[in-house]
Trainee: 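Before I ask anything, let me first share the structure, which is written out below as structure tokens.
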Amino acid sequence: MKYSPKTIEKKWQESWDNSALFEVKEIPDQEKYYLLEMFPYPSGKIHMGHVRNYTIGDVIARYKRMTGKNVLHPMGWDAFGLPAENAAIDNNTHPAKWTYANITHMKGQLRMMGFSYDWKREIATCDPDYYKWEQLVFIKMFEKGLAYKKRTNVNWCDLCQTVLAKEQVEDGCCWRHTNREVTIKEMDSWYFKITDYAEDILEKCDSLTGWPERVITMQKNWIGKSYGAIIKFPLADSDQFIDVFTTRPDTVYGVTFMCFAPEHLMLKGMIKGTAQEKDVLAFIERNMKIAGFIRTAEFTEKEGIFTGRYAVNPLTQEKIPIFVGNFVLADYGTGAIMCVPTHDQRDFEFAQKYNLKKRVVITPADTELDADTMTKAYEGQGLLVNSGRFNGLSNLKAIEEIALYLESEGMGSRTVNFRIRDWNISRQRYWGTPIPMLYCDKCGIVPVDEKDLPVVLPLNKELRGGGGSPLSFEPDFYETKCPKCNGIARRETDTMDTFVESSWYFARYASPRYDKAPVDKESVKYWLPVDQYIGGIEHAILHLLYSRFFTRVLKDLGYVHVDEPFKNLLTQGMVCKETEECPEHGYLFPDEVKDDKCTKCGAQVIRGRSLKMSKSKKNVVDPALLVDTYGADTVRMFCLFASPPERDLEWNDQGVEGAYRFLNRVWRLVDDNIDNFKNAPKVDEERLTGDLKTLNRKIHETVKKVTNDIEDRFHFNTAISAVMELINEAYRYMNDAKEMDENSWSVIRETAEKTVILLSPVVPHITEELWHMLGHEGYLIDAGWPGYNEGALEKDKRLIVVQVNGKVRSKIEVPASISDKEIEEMAIQDEKVKGFIGDKNIRKIFVVQQKLVNIVI
RNA sequence: GCGAGAGUGGCGGAACUGGCAGACGCGCUGGACUUAGGAUCCAGUGCCGCAAGGUGUAGGGGUUCAAAUCCCCUCUCUCGCACCA
């Protein structure tokens, strides 16, 4: 019988399905294992990135199940979001229709891959049964002050026609449109108070020992905690004060000017009536138009203007000029900074440009600084000078001392500053969770009554393009009554950021149909946290940070018992492929290239470097086509074999062929010999000798290696290669054997059986078929993971490498029981070795654990 | 600029705590079988050399009996951060 993936894959997928093989429930006395892969956005069809991500997860899920764990392995859809809305407008359909059609199609594709999901737990976040609970959590957050509304400057993406959170701006551009700069708009928005949890989220980073170091670093950087002080500078000729944040209170005596961000709220009032007012306003206006990212980028030249007002240095009582500077960040610290040109390079450059006063207040041990002649700021350590009562103190000590002094004088306070901002979750779009709030003229902002949840997204509406919250054009939706006073009220027409849905879906999977609360506490208690989470590194900040925040909120609301959602995190690499480019026609599809020439114009194509698969670079491979040709098992195997999970995967069509060839080899090992297997007795290890004993030992070695590779580090590539070695050795044995007796067939059958079990998490269909061909009943996944026999691993002979002066000169075979001393003797007696030693003296001999001898002459 | 990671045959990658560099796969070469093969099987394949042997893990230096692995310097690439006061 020929290996026919199409037939057997369909057969077993249906069989697993019919027997509900992967449906799980809580079993209190069985150890659980919650394995989760980041759920996909239902964009239309699955791509190679999904296939890789989910294959890695499936191997772990199946392996853990085979080792006796109760494995939760759910799947669902991150179903709200802009693409649905845009597709709806483009194709004159409805986002819901488009989304659900995509889900149906993609679900079919995932089934074809043979992933072991508990589909009974499937979630689509656009389902009112899901977002209802999100709305409830929102209301609870509002009641606790964790969700609030404010009017501020926000980041706006013109292409998305919506506001973005700070995390969703990359290099000044929208995270979806990396070539479109965000603009600044003043708007009302809803915020989640993630800053309340910043300290805890930061601190617990160090407890996440199962996370990749770089993800932790990125999160720490994003939160950006720094210790310093807020210092109050009196505004001259007024009774006002200006707050500045600094990490360097030790340099206050050196402050010779001050700088405001153009957005600073005190500015306009301050300059009223001054001679400079017009010029300063013009400066502010001009700079406000430049996107914050560009204005404060490193390559932008520092620019400022004197406001005409002065502040008073609280320690020197000196009057210092106040400037507005383009480089000062409005949303970090207080939006105003004290400037110390002698000890801060940025301030130094600014002072040089505008010819401002400088005073040295820290002196290094070896040289004397002169404020007038120095060419750059001195930012190192030293002793304080020109600093009144603090002279002579080391500056590190002075940071504390001066802050304390200012505190005691009521001129400041030590403080901790965070870079992270509250999470703006308002989106001026249609296809998202409605924010369950309403506005009443009499009662103000009022939450929707819990019994009226969910606030359902109206589905019978036609979408129009052109911007503005679509729901704000739907009176049927926004016209309502106030639950407090029964008067006329208007619903909130913005929807929530879609990152909100993905911030808690992992908890919902524990009890996906629970209809009394967001989660069933008992289920959550059993399943959470996620033991292993798998997904792309691109979510290092966004999704993973929001999820950590939301889990804390859910804990404080009493829904879950954990504060960290994901115990272990694996960030898999990208799937890459070579690109081909024509000088005239840009990127080309593989079939647009013939003999290295562009089929459109005949120009020589440029073979580009390997890049992440993407439609725009035309280097994508459609998994569906591959599955159709080779079967899901081959595709799964190649994805795992080509590189370890955390590294990028280099796509190679010929490599796929190799995987297919190997599976055929495994198939034939069983299929060709099945009759011989039937009559062979059980392996009797005592009676094995020679090559057969070696092959039998190889079986045990392979079990050991595969187990370690999967268990310790998820290195499936080396696990697979170990099985390949075993298969190669079995074929070699059969090829070399003069005669195949019963004993031989026993060991070959044993090889086949163990191969089938060890490969089953990787290629579940072919192995299930072979398992049954080998005469077993029941599903392979319940067959248990094999152990190995340490005794069978022992060799009676060993090959010892003999080095002379560190160079390999010979190899000798010795009995395993031999002593180090005897090995030395044998090594010296070896003919080849003798030739290298000659008549020289042996100075020393090293023997390494029955492996190697190094003779030093 | 700062931080993290990486650099190994023609290619993807192995080598886990320093102990035979290149497992396994792809590709390539030769052979067998065959009406035919882009199926299958066997053998070979880092580089130089007929061979003995030499040489080799980005480059240079060091530690060690022994270095892809540890230390120092340089280069290249990837990712993240980037006027954060």
Side-chain angles (χ1 to χ4, degrees), chain A residues 170-171 212-222 224-226 228 244-248 251 259 295-300 302 325-329 331-340 343-347 349-350 417-419 537-538 540-541 573-574 576 578 609-610 637-638 641-644 646-659 661-662 664-665 668 705 708-709 712-713 715 717-725 727-728 731-732 735-736 799-811 835 843-849 851-857:
Chain A
E170 294 171 359
D171 291 342
E213 190 55 42
R214 62 189 189 127
V215 176
I216 294 290
T217 309
M218 283 163 72
Q219 295 222 342
K220 283 182 177 171
N221 285 344
W222 186 263
K225 181 181 181 177
S226 54
V244 302
F245 172 75
T246 181
T247 54
R248 297 292 304 274
T251 62
C259 232
R295 201 186 78 213
T296 61
E298 205 173 12
F299 52 78
T300 306
K302 288 183 195 36
N326 62 344
F327 64 100
V328 182
L329 304 171
D331 66 348
Y332 183 78
T334 63
I337 56 171
M338 60 177 223
C339 299
V340 188
H343 303 296
D344 183 292
Q345 186 56 26
R346 296 158 299 180
D347 298 346
E349 286 165 26
F350 195 84
N417 191 57
F418 289 93
R419 203 181 83 112
I537 186 79
E538 65 272 20
I541 303 285
M574 300 179 296
C576 300
E578 190 177 61
R609 58 197 294 174
S610 187
M637 196 175 97
F638 177 74
F641 181 66
S643 68
E646 66 279 2
R647 248 201 269 184
D648 285 351
L649 184 150
E650 177 70 32
W651 192 264
N652 176 354
D653 291 330
Q654 283 158 331
V656 179
E657 299 253 5
R661 266 203 293 273
F662 170 70
N664 272 290
R665 244 163 107 76
R668 287 195 308 269
K705 171 134 181 79
N708 290 343
D709 282 351
D712 298 347
R713 36 178 214 165
H715 276 206
N717 56 333
T718 49
I720 291 168
S721 73
V723 179
M724 286 174 166
E725 282 185 54
I727 289 287
N728 289 347
Y731 272 100
R732 202 173 303 129
N735 202 54
D736 293 349
L799 199 62
I800 305 276
V801 172
V802 185
Q803 298 181 332
V804 178
N805 281 351
K807 287 186 179 172
V808 180
R809 295 302 185 191
S810 182
K811 291 175 189 184
R843 290 201 285 167
K844 202 163 166 61
I845 301 179
F846 295 83
V847 181
V848 183
Q849 14 159 353
K851 267 199 308 207
L852 176 143
V853 182
N854 189 10
I855 301 166
V856 186
I857 54 173

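Throughout, a chain's letter reflects where its sequence line sits, starting with A, and its residues are numbered from 1.
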Trainee: I'd like a table of atom pairs between the protein and nucleotides 4-12 of chain B - only N or O on both sides, under 3.5 Å - with the distance next to each one.
Mentor:
residue : atom : partner : partner atom : Å
rG12(B) : O2'  : A642(A) : O            : 2.8

Trainee: Would you say T718(A) reaches rC24(B)'s phosphate, i.e. side-chain N/O to OP1/OP2 under 4.0 Å?
Mentor: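 No, outside the criterion.
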Trainee: Atom pairs under 3.5 Å, N or O on each side, protein against nucleotides 40-45 of chain B: can you list them with distances?
Mentor:
residue : atom : partner : partner atom : Å
rU40(B) : O3'  : R668(A) : NH2          : 3.1
rC41(B) : OP1  : R665(A) : NH1          : 2.7
rC41(B) : OP1  : R668(A) : NH2          : 3.1

Trainee: Show the numbers, then the answer: is there a side-chain contact (heavy atoms from CB on, under 4.5 Å) between V856(A) and N805(A)?
Mentor: CA-CA 5 Å; V856(A) 186; N805(A) 281 351; 3.7 Å; yes
Trainee: Can you check the distance between rC75(B) and rA66(B), where both ends of the measurement are the C1' atom (answer in whole Å)?
Mentor: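 28 Å, rounded to whole Å.
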Trainee: Closest nucleotide of RNA chain B for N221(A) versus for G333(A): which of these residues is on the 5' side?
Mentor: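 Mapping each residue to its closest nucleotide by heavy atoms, the 5'-most match is N221(A).
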Trainee: With F641(A), which residues qualify under ring-ring contact (aromatic ring centres under 6.0 Å, His included), at least two apart?
Mentor: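 Per chain and number, F641(A) pairs via ring-ring contact (aromatic ring centres under 6.0 Å, His included) with no residue.
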Trainee: Between which residue ranges does RNA chain B form stems of three or more consecutive Watson-Crick or G-U wobble pairs, both distances under 3.5 Å?
Mentor: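 Counting only runs of 3 or more consecutive pairs, the stems involving RNA chain B are B:1-7 with B:75-81, B:10-12 with B:24-26, B:27-32 with B:40-45, B:46-48 with B:53-55, B:58-62 with B:70-74.
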Trainee: Which whole number of Å gives the distance between the P atom of rC50(B) and that of rG1(B)?
Mentor: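 Between the two P atoms, the distance is 49 Å.
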Trainee: Between Y332(A) and F245(A), what is the ring plane arrangement, given parallel below 30°, perpendicular above 60°, and tilted in between?
Mentor: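 Answer is perpendicular, since the angle exceeds 60°.
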Trainee: Does K225(A) have a side-chain nitrogen or oxygen under 4.0 Å from the phosphate oxygens OP1 or OP2 of rC84(B)?
Mentor: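 It does not, given that no N or O in the side chain of K225(A) lies less than 4.0 Å from OP1 or OP2 of rC84(B).
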Trainee: Quantified in whole Å, what is the P atom distance between nucleotide rU69(B) and nucleotide rA6(B)?
Mentor: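 Nearest-Å result for rU69(B) against rA6(B) at atom P: 13 Å.
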Trainee: Could you pull out the closest heavy-atom pair between M338(A) and D347(A), with the gap in Å?
Mentor: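 Smallest heavy-atom distance, with atoms named: O-OD2, 4.0 Å.
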Trainee: Going by side chain to side chain donor-acceptor pair (under 3.5 Å), name the residues that satisfy it together with T718(A), two or more places apart in sequence or in a different chain.
Mentor: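 D709(A).
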Trainee: M724(A) CE to rA14(B) P: how many Å, rounded?
Mentor: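 Atom-to-atom, M724(A) to rA14(B), this comes out as 14 Å.
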Trainee: Please state the P separation for the pair rG12(B) and rU17(B) - nearest whole angstrom.
Mentor: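 Roughly 24 Å separates the two P atoms.
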Trainee: Measure OH/Y332(A) against P/rC81(B) and give the value in whole Å, please.
Mentor: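 Checked: the OH to P distance equals 16 Å.
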Trainee: Determine yes or no for a side-chain-to-main-chain donor-acceptor pair under 3.5 angstrom, with N417(A) supplying the side chain and S226(A) the backbone.
Mentor: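 Looks like no, no N/O pair under 3.5 Å.
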Trainee: Do C259(A) and F350(A) pass the side-chain contact (heavy atoms from CB on, under 4.5 Å) test, and can you show the C-alpha distance, the side-chain angles, and the key distance before you say yes or no?
Mentor: CA-CA 10 Å; C259(A) 232; F350(A) 195 84; 4.1 Å; yes
Trainee: For rG31(B), decide between syn and anti, treating a glycosidic angle within 90° of 0 as syn.
Mentor: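 Judged by the O4'-C1' to base torsion, rG31(B) sits in anti, the angle falling more than 90° away from 0.
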Trainee: Closest approach of D648(A) and S643(A), non-hydrogen atoms and distance?
Mentor: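 Heavy atoms only, the tightest pair is O-OG, 3.2 Å.
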Trainee: Ignoring backbone atoms, test whether R809(A) places a side-chain nitrogen or oxygen under 4.0 Å from the OP1 or OP2 oxygen of rA52(B).
Mentor: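 Looking at the OP1 and OP2 atoms of rA52(B), neither is under 4.0 Å from any side-chain N or O of R809(A).
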Trainee: Please state how far atom NZ in K807(A) lies from atom C1' in rG54(B), giving the value in whole angstrom units.
Mentor: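 Checked: the NZ to C1' distance equals 8 Å.
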Trainee: For the C1' atoms, the ones on rC48(B) and on rG56(B), what distance do you get once it is rounded to whole angstrom?
Mentor: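 These two C1' atoms come out 11 Å apart once rounded.
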Trainee: Choosing from rC84(B), rG80(B), rG13(B), which nucleotide comes nearest the side chain of M218(A)?
Mentor: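 Nearest nucleotide to the side chain: rG80(B).
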Trainee: What's the CD1-P distance between I845(A) and rA66(B), to the nearest Å?
Mentor: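 Taking CD1 of I845(A) and P of rA66(B), I get 15 Å after rounding.
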Trainee: Reading RNA chain B from 5' onward, which residue's closest nucleotide shows up sooner: W222(A) or V856(A)?
Mentor: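 The 5'-side residue here is V856(A).
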Trainee: Between N or O atoms, less than 3.5 Å apart, protein on one side and nucleotides 16-20 of chain B on the other: list the pairs.
Mentor:
residue : atom : partner : partner atom : Å
rC20(B) : O2   : K811(A) : NZ           : 2.4

Trainee: Search all heavy atoms of F327(A) against all heavy atoms of K302(A) and return the closest pair with its distance.
Mentor: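 Closest heavy-atom pair between F327(A) and K302(A): CD2-CG, 4.0 Å.
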Trainee: Tell whether R346(A) reaches the base of rA85(B) with its side chain through a donor-acceptor pair below 3.5 angstrom.
Mentor: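 Yes, the side chain and the base share a sub-3.5 Å donor-acceptor pair.
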Trainee: What's the shortest heavy-atom distance between E578(A) and E650(A), and which atoms?
Mentor: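 Closest approach of E578(A) to E650(A), heavy atoms only: N-OE2, 4.3 Å.
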Trainee: rG46(B) and rA52(B): how far apart are their P atoms, nearest whole angstrom?
Mentor: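 About 14 Å, rounded to a whole number of Å.
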Trainee: Heavy atoms only: give me the nearest V215(A)-I537(A) pair and the separation to one decimal.
Mentor: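 Here V215(A) and I537(A) meet closest at CG2-CD1, 3.6 Å.
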Trainee: What nucleotide among rC24(B), rC81(B), rC26(B) has an atom nearest to a side-chain atom of E725(A)?
Mentor: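 Among rC24(B), rC81(B), rC26(B), the one nearest the side chain of E725(A) is rC24(B).
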Trainee: On a whole-Å scale, what distance lies between the C1' atoms belonging to rA58(B) and rC77(B)?
Mentor: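 Straight-line distance between the two C1' atoms is 11 Å.
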Trainee: Under 4.0 Å, heavy atoms only, any strand: does G224(A) hit a base, just the sugar-phosphate, or nothing?
Mentor: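 No contact at all - G224(A) keeps every heavy atom at 4.0 Å or more from the nucleic acid.
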Trainee: Under 4.0 Å between any heavy atoms, over every strand shown, what does V328(A) touch: base, sugar-phosphate, or nothing? Just pick one.
Mentor: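 Base contact.
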Trainee: Rounded to the nearest Å, what distance is computed from the CD1 atom of residue I720(A) to the P atom of nucleotide rG25(B)?
Mentor: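 That distance rounds to 12 Å.
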Trainee: Return the value, rounded to whole Å, for the distance between atom CZ of R419(A) and atom C1' of rA82(B).
Mentor: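 In whole Å, rA82(B) C1' and R419(A) CZ are 9 Å from each other.
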Trainee: Let me know the distance between CZ of F245(A) and C1' of rC83(B), rounded to the nearest Å.
Mentor: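 Taking atom C1' of rC83(B) as the reference, CZ of F245(A) is at 15 Å.
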Trainee: Do R665(A) and Y731(A) form a cation-pi contact, if we require the NZ or CZ to be under 6.0 Å from the six-membered ring centre and within 45 degrees of the ring's axis?
Mentor: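 Because its charged atom sits under 6.0 Å from the ring centre and within 45° of the axis, R665(A) does stack over Y731(A).
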Trainee: Please evaluate residues M218(A) and I541(A) with respect to the criterion side-chain contact (heavy atoms from CB on, under 4.5 Å), reporting the C-alpha separation (whole Å), side-chain torsions for both, the decisive distance (0.1 Å), and the verdict.
Mentor: CA-CA 7 Å; M218(A) 283 163 72; I541(A) 303 285; 3.9 Å; yes
Trainee: Quantified in whole Å, what is the C1' atom distance between nucleotide rC47(B) and nucleotide rC65(B)?
Mentor: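 After rounding to an integer number of Å, I get 27 Å for this pair.
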